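Letters go in sequence order (proteins before strands), and every chain restarts at 1. Worth saying up front: this structure is predicted, and the values here are computed from it rather than measured.
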Number of protein chains: 2
Amino acid sequence: MDIAEELGLSVSTVSRALNDHPNISAKTKEKVRKMARKLGYRPNAMAAGLRNNKSRTIGLIIPRISMFFPAAITTVVQNKLQEYGYHLIICQSNDSLEQEQQLVNTLYSARVDGLAVSATLSTTDFSHFDIFKQHNIPVVFFDRTPKDYQAKVIKGDDFVGGLTATEHLIEQGCRDIVHISGPLTCNLYVERLAGYKSALQQHKVPFKKQRVFFHELTRENALATAGKIFAQQPYPDGIFATNDTTAITLLQYCREHGIRVPEDVKIVGYSNDPRTEIVTPSITSVDQFPATMGERVVSALMDLIQTRHPAGYRHPQEIVPTQLVVRDSSAGSPKKKK
Amino acid sequence: MDIAEELGLSVSTVSRALNDHPNISAKTKEKVRKMARKLGYRPNAMAAGLRNNKSRTIGLIIPRISMFFPAAITTVVQNKLQEYGYHLIICQSNDSLEQEQQLVNTLYSARVDGLAVSATLSTTDFSHFDIFKQHNIPVVFFDRTPKDYQAKVIKGDDFVGGLTATEHLIEQGCRDIVHISGPLTCNLYVERLAGYKSALQQHKVPFKKQRVFFHELTRENALATAGKIFAQQPYPDGIFATNDTTAITLLQYCREHGIRVPEDVKIVGYSNDPRTEIVTPSITSVDQFPATMGERVVSALMDLIQTRHPAGYRHPQEIVPTQLVVRDSSAGSPKKKK
DNA sequence: AATCTTTATGCAAACGTTTGCAGATTTCAT
DNA sequence: ATGAAATCTGCAAACGTTTGCATAAAGATT
């Protein structure tokens, strides 16, 4: 360290001075700090990390940063961690299991102090996270969470979300409701589907298998499904799509094909993507409170870093509530004009 | 290293074996690799980084991840770097100069191998990046770039963008065009404004000072400006907003106030945010090709890491072309119905 | 069998920190 | 003055890699 040389002190004294160690006299501290400023000294985080066995860095794995919901969470996670003096290494799995596995390994190599993960659509086996478990490094799953892998889980209330969305459609007079679900390998779609079914049952609306579609929720797939739905009469009078991209795409399809929303068919999306607010008609959607979720993720992480838990510890699952935001796409009764 | 112990080899041999060094026999390599796999060995990137004086990590500073354009760039930067075996530490300055300065320092402490930056709206003094210059670590600025700070710059063609957008409005029959600009501390707004002025001049449309507004381009500010614009007749017949959030907000304002778009007033935005496509009417906007820009940023970074340049080197500036995407908000002649 | 190559391995230092322990200096009460 | 206590500083090891150099083993050439 040049500061030490320059001042004729030992590196240990300098190190302690910079870290405000009590054993160092006020004068030396002042001298050292001054020289540090003068020389533009910046500690080497890698060296410190190596020595301390911690990096003050958190790894984040999400399917893609361009999707609204994970992006919104990422924003707050990042800002929150910044406040705590932690870095965030953000990685995209691009919804590929293989990439996810690889990322877990390289993030372990980077010796992140914790990991926050929203899994791939197809991740059902979570054993590639074992390496973090083995080394007792905190892992927090959010949104797309494992079903029976023991780890901290923070998720939206997907059952209730699915239930309220469907119930709302029923209350608005719908009796033939299409459900567009993601692949059931992903747990949250299982629960939304369960919510959908439960709502139907509670209101004695018959469940029809052919009214439920499963596929990755991309624009292309949504268009294909729209084609199928409206290929033949009778049209459904309600559609509950489990993401907003799908809902928006369906809305556009309807517009182009002269199907009136909400008069002919009502639409509800999921996630409360800001886009739902700006389309015409605006789309009813289920808010998942990404900010809250992000904050909870960081809190959980910081907490787990502070107080490690024994190997078999069962982390309590946190559920972030959900709220239906009613907009024009589901307004009024089917017969009445808005 | 436990592998060494386990196999009765020295750590150097193991290290070389894992790095496929030519001096190591095929058998030992095989043995070592096998044991590494068996023990679940993952190299400690911090130790390697410390020794090699490189981290295989790039730092990225953007105003916020939730904005479309920087987010779109980030996505490709991240994926591209992943391919090269680099990590990305993403940081948000939240458009605060102070935060930006701090981030530069902590990213230097992390000893990133390179830095990609889209600056704050208010960054005019770039001297906090000097530390990277001094240590000869590559810095690439994109989108919001410095005016006369010597560094690699990759930017959109903002002059031409402003020019074509304005020209388009003129060609559609507009003669009284409002320009909503960001603060001129940010270079790109200077150039878009210059493009706007140039287009007016070329088509002999008088420039009116009171038709130009400067403020941060948030929704709230856009609403306030909309209020001012439509407070009194005559209304403008065209609006060139330098971002899409502003354009969308204006469109909504018009809709709520019974001002027809594009019949009464035509609107053009900037960035080709996907939202411009889903509103009604869809909004004409200027595409800036974020993917191209992201790729260029990574290429530049990889290039600069490979071949360092002497202190005074003047990096050639790269300009990514721009393209006007015409949509409904600017269609037809002012009098004719679409 | 002796020498020279070639090939494979190990030693030890280095990267920049932090920290337990020991030692040096000062302060204070006696 | 003397010793004890309190205060400050330095030595050296450690973190997990990589790498120049030396050395050992094996193979080839006489």
Side-chain angles (χ1 to χ4, degrees), chain A residues 1-33 35-36 39-57 85 87 105-113 131 134-137, chain B residues 1-33 35-36 39-57 85 87 105-113 131 134-137:
Chain A
M1 234 195 265
D2 336 348
I3 303 181
E5 285 223 335
E6 203 70 29
L7 252 43
L9 288 172
S10 75
V11 285
S12 21
T13 306
V14 171
S15 169
R16 279 188 260 251
L18 290 172
N19 291 321
D20 206 25
H21 189 102
N23 286 14
I24 303 292
S25 69
K27 315 193 267 285
T28 12
K29 276 183 191 168
E30 196 40 52
K31 264 198 307 189
V32 170
R33 279 200 266 259
M35 183 57 74
L39 299 182
Y41 168 81
R42 300 283 151 202
N44 184 320
M46 288 191 289
L50 178 58
R51 167 64 220 228
N52 296 332
N53 198 28
K54 55 158 93 160
S55 57
R56 291 196 82 78
T57 295
H87 284 292
N105 280 324
T106 56
L107 285 175
Y108 175 72
S109 259
R111 296 296 188 273
V112 293
D113 295 339
I131 189 169
Q134 281 156 24
H135 294 84
N136 200 22
I137 305 172
Chain B
M1 234 195 263
D2 339 348
I3 304 182
E5 285 224 336
E6 203 71 29
L7 253 44
L9 288 172
S10 74
V11 285
S12 22
T13 306
V14 172
S15 170
R16 279 189 261 252
L18 290 172
N19 291 320
D20 206 25
H21 190 102
N23 286 16
I24 303 293
S25 69
K27 320 194 261 287
T28 14
K29 277 183 191 169
E30 196 39 52
K31 263 197 308 188
V32 170
R33 279 199 267 259
M35 184 56 74
L39 299 181
Y41 168 81
R42 299 285 150 200
N44 183 322
M46 288 191 289
L50 178 59
R51 167 66 221 229
N52 297 332
N53 199 27
K54 55 159 93 162
S55 57
R56 290 196 83 77
T57 295
H87 284 292
N105 280 324
T106 56
L107 286 175
Y108 174 72
S109 259
R111 296 297 188 272
V112 293
D113 295 340
I131 191 169
Q134 281 157 23
H135 294 85
N136 201 22
I137 305 172

Enquirer: Distance check: side-chain N/O of Asn44(B) vs OP1/OP2 of dC15(D), anything under 4.0 Å?
Expert: no

Enquirer: Would you say Lys29(B) has more than 12 foreign heavy atoms packed within less than 6.0 Å of its NZ?
Expert: yes

Enquirer: Please check this pair: side chain of Ser109(B) against backbone of Pro43(A), looking for a donor-acceptor N/O pair closer than 3.5 Å.
Expert: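 Present.
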
Enquirer: Whether Ser25(B) contacts dT9(C) is assessed here as follows: a side-chain N or O lying under 4.0 Å from the phosphate OP1 or OP2. Is that the case?
Expert: yes

Enquirer: Which angle, to the nearest 10 degrees, lies between the helix axes at the two ends of the helix from dA1(C)-dT30(D) to dT30(C)-dA1(D), each defined by five pairs?
Expert: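 The end-segment axes of the helix from dA1(C)-dT30(D) to dT30(C)-dA1(D) are tilted 50° relative to each other.
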
Enquirer: Expressed as a whole number of angstroms, how long is the span from Leu50(B):CG to dT18(C):C1'?
Expert: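 Rounding to the nearest Å, CG of Leu50(B) and C1' of dT18(C) are 13 Å apart.
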
Enquirer: When you get a sec, tell me which of dT17(C), dT19(D), dG10(D) is the closest nucleotide to the side chain of Ser12(B)?
Expert: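 Given the options dT17(C), dT19(D), dG10(D), the side chain of Ser12(B) is closest to dT19(D).
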
Enquirer: Please check this pair: side chain of Arg56(A) against backbone of Gly85(A), looking for a donor-acceptor N/O pair closer than 3.5 Å.
Expert: yes

Enquirer: Measure CG/Leu18(B) against P/dT18(D) and give the value in whole Å, please.
Expert: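 Those two atoms, CG and P, are 8 Å apart.
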
Enquirer: State whether the distance check finds a donor on one side and an acceptor on the other, under 3.5 Å, for side chain Arg16(A) versus base dG10(D).
Expert: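 Under the 3.5 Å cut-off, the side chain and the base do form a donor-acceptor pair.
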
Enquirer: Around atom CG of Asn53(B), are there more than 12 heavy atoms from other residues, nucleotides or ligands closer than 6.0 Å?
Expert: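 No, because the 6.0 Å sphere around CG of Asn53(B) holds 12 heavy atoms or fewer from other groups.
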
Enquirer: Does Ser15(B) make a side-chain N or O approach to OP1 or OP2 of dT18(D) shorter than 4.0 Å?
Expert: yes

Enquirer: Considering heavy-atom distances to DNA chain C, does Asn23(B) or Asn52(B) have its closest nucleotide positioned more toward the 5' end?
Expert: Asn23(B)

Enquirer: When the distance from OH of Tyr41(A) to C1' of dG16(C) is rounded to whole Å, what number comes out?
Expert: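 Distance, rounded to whole Å: 7 Å.
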
Enquirer: Measure the shortest side-chain to side-chain distance between Lys31(B) and Thr28(B) over non-hydrogen atoms and say whether it is less than 4.5 angstrom.
Expert: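 In contact.
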
Enquirer: Can you tell me the distance, in whole Å, between the CD1 atom of Ile3(A) and the P atom of dG16(C)?
Expert: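 From Ile3(A) CD1 to dG16(C) P: 13 Å.
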
Enquirer: Taking CE from Met46(A) and P from dT18(C), how many angstroms apart are they, rounded to a whole number?
Expert: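 Atom-to-atom, Met46(A) to dT18(C), this comes out as 14 Å.
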
Enquirer: Less than 4.0 angstrom between a side-chain N/O of Thr28(A) and OP1 or OP2 of dC8(D), yes or no?
Expert: no

Enquirer: Give the minimum heavy-atom separation between Ser55(A) and Val112(A), together with the two atoms involved.
Expert: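 Ser55(A) and Val112(A) have their closest heavy atoms at OG-CA, 3.5 Å.
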
Enquirer: Just how far, in rounded Å, is C1' of dT9(D) from NZ of Lys29(A)?
Expert: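 Going from NZ in Lys29(A) over to C1' in dT9(D) covers 13 Å.
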
Enquirer: Between atom CG in Leu9(A) and atom C1' in dG10(D), what is the gap in whole Å?
Expert: 10 Å

Enquirer: Taking side chain as C-beta onward, heavy atoms only, is Leu50(B) less than 4.5 Å from Arg111(B)?
Expert: no

Enquirer: Looking for any heavy atom pair under 4.0 Å, which part of the strands does Asn53(A) touch: base, sugar-phosphate only, or nothing?
Expert: nothing

Enquirer: I need the minimum non-hydrogen distance between Ala45(B) and Ala110(A), along with the two atoms involved.
Expert: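 So the minimum-distance heavy-atom pair works out to CB-CA, 3.9 Å.
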
Enquirer: Please figure out whether Arg51(B) or His21(A) has its closest DNA chain D nucleotide nearer the 5' end.
Expert: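 Between the two, 5'-proximity favours His21(A).
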
Enquirer: Rounding to an integer number of Å, can you tell me how far Lys31(B) NZ sits from dT9(C) C1'?
Expert: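 Roughly 11 Å, once rounded to whole Å.
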
Enquirer: Got a donor-acceptor pair under 3.5 Å from the side chain of Thr13(A) to the base of dC8(D)?
Expert: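 Counting by modelled atom types and ignoring angles, no donor-acceptor contact under 3.5 Å is found here.
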
